[in-house]
Number of protein chains: 2
Amino acid sequence: MAKLPPKTVERISQYRRVLAKYQTLSEPFIFSHDLASLLHLNPVQVRRDLMLLGTTGNYRNGYKVTELLKSIDETLTIPKSTQATIIGMGRLGESLLKHIGSSPVCPVMINSTFDINPKRINTTIRGIPCYDMTHAPEIIKEQKIKIAILTLYTEDIQAIIDILIDAGIEGFINYMAGPIKIPKGIYLKEYDIRTTLEEMSYNIHN
Amino acid sequence: MAKLPPKTVERISQYRRVLAKYQTLSEPFIFSHDLASLLHLNPVQVRRDLMLLGTTGNYRNGYKVTELLKSIDETLTIPKSTQATIIGMGRLGESLLKHIGSSPVCPVMINSTFDINPKRINTTIRGIPCYDMTHAPEIIKEQKIKIAILTLYTEDIQAIIDILIDAGIEGFINYMAGPIKIPKGIYLKEYDIRTTLEEMSYNIHN
DNA sequence: ATGAACTTGTTAATTGATTAACAAAAAATA
DNA sequence: TATTTTTTGTTAATCAATTAACAAGTTCAT
Ligand SMILES: NC(=O)c1ccc[n+]([C@@H]2O[C@H](COP(=O)([O-])OP(=O)(O)OC[C@H]3O[C@@H](n4cnc5c(N)ncnc54)[C@H](O)[C@@H]3O)[C@@H](O)[C@H]2O)c1
Ligand SMILES: NC(=O)c1ccc[n+]([C@@H]2O[C@H](COP(=O)([O-])OP(=O)(O)OC[C@H]3O[C@@H](n4cnc5c(N)ncnc54)[C@H](O)[C@@H]3O)[C@@H](O)[C@H]2O)c1
């Protein structure tokens with residue numbers, strides 16, 4: 001299938017989680033406007049996304065939930081699942097790990113995390129071990145981990161990023177502050193709550 | 001000044017943090033392409049944003065950092081500062097509070113947080129107290145808090161949102177999973193790391 | 001049956017965001 | 001002094017995302 005627009009991919013991921021919950025109500029069908037309102041979207045946008053996804057609905061009942069979920073799974077879970085890891089198992093890392101683990105279906109698997117704190121190393125959370133950061137390169141290579149979530153607190157993040165890229169990481173989700181350098185072809189996503197706060201403050205007052 | 005486009009506001013917030021750090025290098029000027037590369041942006045975009053912001057650079061040296069920062073402050077910090085609060089001081093709430101507190105300049109102030117856990121209530125973090133959630137409405141009204149960061153874990157989030165809106169909250173930054181309802185005119189921003197993971201996985205494999 | 005009331009699926013139009021293009025200014029170089 | 005280099009500021013062009021418009025299918029009520 002043709003490559004989907006980034007915003008569509010983002011929403012499709014959200015559809016899946018909402019639908020998984022909706023399914024527990026044993027409602028076999030859903031209308032585009034219902035799915036839209038659950039996510040504060042426009043119904044046309046939902047239908048357009050689903051068209052791009054290749055699913056088709058029903059004039060009377062809307063979309064069949066099981067079919068929709070199947071179709072989303074096929075699109076997002078290719079190939080099988082991507083391996084991700086969390087670097088820095090402090091408060092944020094632990095919260096994220098538990099949050100991700102709460103997902104019933106997810107095309108991204110976390111099987112290992114890393115830290116430098118001896119109190120953390122060799123402990124497990126929900127069965128997922130925390131390894132010594134010095135072993136990160138070999139474990140990342142061995143497990144073919146492709147995504148690194150950066151939730152550590154350190155002065156020299158750049159050195160760590162370079163090592164991780166060398167070990168095979170192709171995408172970073174970075175929660176640390178401060179500019180970092182990454183070569184072309186490596187994906188990077190950063191969110192800082194301070195930006196969100198400032199944006200919202202601006203909106204409220206303007 | 002005219003209302004800035006949302007994406008420009010977002011970037012301006014990032015410029016400020018990067019510039020605050022850059023300033024410590026005692027470099028009085030910065031070029032658009034340097035600021036751009038620190039944030040993985042296009043130099044033209046930076047110049048365009050700064051044009052919209054109303055600042056002006058210098059043909060030889062680029063932009064004067066102190067002037068830039070002053071201009072950003074005036075745009076983002078209106079009026080003075082918005083009050084925000086964190087609902088749910090678990091792992092995530094605590095991490096966020098410390099992270100926000102690490103900002104030298106921020107137009108958003110957090111002076112109170114809330115929880116239901118007796119072990120949390122009446123403790124302080126970096127001098128910021130955690131109050132009993134049952135007192136939230138009165139304190140929010142009294143302190144004119146406008147933004148609520150939702151980092152709690154509960155089954156009935158909707159009831160809490162309704163109470164908070166009633167108390168005067170105009171914007172939510174929600175980390176909880178699951179669809180919520182908010183009336184028109186209330187701002188809402190949600191990020192779920194699972195969506196980011198799935199997006200990135202899709203990008204890596206397509 | 002006929003039309004009213006829904007809905008989906010899709011193309012077209014609009015809006016928003018990014019990038020390209022280039023004139024104008026200033027200094028450095030030849 | 002003329003030319004090259006570099007950078008800003010701004011308009012125009014392009015690209016991306018959203019929304020509008022509407023035909024077509026289906027059921028329900030009359
Ligand atoms: N972007 C955001 O919105 C946001 C929100 C909250 C926190 N943060 C940031 O996230 C980071 C973590 O926050 P936290 O509250 O979990 O901090 P924390 O101090 O609780 O945890 C940091 C962890 O990183 C580990 N660590 C340090 N150096 C390491 C290394 N070289 N390799 C591996 N692990 C290492 C520490 O041992 C610790 O366990 C901070 O930098 C914070 O500023 C960002
Ligand atoms: N969106 C994301 O990317 C993301 C990432 C991490 C965590 N999360 C979510 O954030 C939430 C918090 O995660 P955490 O790791 O901090 O959990 P946690 O269990 O450590 O903290 C939850 C806190 O909320 C408090 N609480 C519960 N009910 C409350 C109420 N009615 N009023 C006020 N406080 C209340 C609890 O006492 C506790 O202190 C969870 O829902 C989690 O799924 C989301």
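Every value quoted in this text rests on a predicted model; they were computed, and no experiment measured them.
- Comparing atom distances between the A/Met51 side chain and each of D/dT10, C/dT11, C/dT7 picks out C/dT11 as nearest.
- Distance B/Asn58 CG to D/dG9 C1': 13 Å, rounded to the nearest Å.
- Checking each of A/Thr85, A/Thr113, A/Ile100, A/Asn174 against A/Ile149 for a side chain to side chain contact (heavy atoms under 4.5 Å, CB included) leaves exactly one that passes, namely A/Ile100.
- Between the P atom of D/dT19 and the NE2 atom of A/His33 lies a distance of 17 Å, rounded to the nearest Å.
- Ionic pairing of B/Glu199 and A/Lys7 is not present here: no N-O contact between side-chain nitrogen and carboxylate oxygen is shorter than 4.0 angstrom.
- Rounded to whole Å, atom C1' of C/dA17 lies 13 Å from atom CG of B/Leu41.
- Look at A/Asn42 and you won't find any side-chain N or O under 4.0 angstrom from OP1 or OP2 of D/dT18.
- Using a 4.0 Å cut-off between charged side-chain N and carboxylate O, A/Glu74 and A/Lys70 make a salt bridge.
- Rounded to whole Å, atom C1' of C/dG16 lies 10 Å from atom NZ of B/Lys7.
- For the pair A/Gln45 CD and D/dA21 P, the interatomic distance rounds to 17 Å; values are reported in whole Å.
- We find that B/Asp73 and B/Arg16 are joined by a salt bridge, their nearest charged nitrogen and carboxylate oxygen being less than 4.0 Å apart.
- Taking atom CG on B/Leu4 and atom C1' on C/dA17, their separation rounds to 14 Å, with Å as the unit.
- Using a 4.0 Å heavy-atom criterion, one finds that B/Ser32 contacts the sugar-phosphate atoms exclusively.
- Ranking C/dG9, C/dA27, D/dT18 by closeness to the A/Thr56 side chain, first place goes to C/dG9.
- As judged by a 4.0 angstrom heavy-atom cut-off over every strand, B/Asn61 is placed among residues making no nucleic acid contact.
- Salt bridge annotation for B/Arg17-A/Asp192: present, with a cationic side-chain nitrogen under 4.0 angstrom from a carboxylate oxygen.
- B/Pro43 comes within contact range of no nucleotide atom at all, as no heavy-atom separation falls under 4.0 Å.
- Among C/dT18, D/dG9, D/dT18, the nucleotide with an atom closest to any side-chain atom of B/Arg48 is C/dT18.
- In this model, the phosphate group of D/dA24 is not approached by any side-chain N or O of A/Arg60 to a distance below 4.0 Å at OP1 or OP2.
- OP1 or OP2 of D/dG9 has at least one side-chain nitrogen or oxygen of B/Tyr63 nearer than 4.0 Å.
- Rounded to a whole Å, the CD1 atom of A/Ile12 is 13 Å from the P atom of D/dA17.
- Counting any heavy atom pair closer than 4.0 Å across all strands shown, B/Arg47 reaches a base atom.
- Taking atom CG of B/Asp49 as the reference point, atom P of C/dT18 lies 8 Å away to the nearest angstrom.
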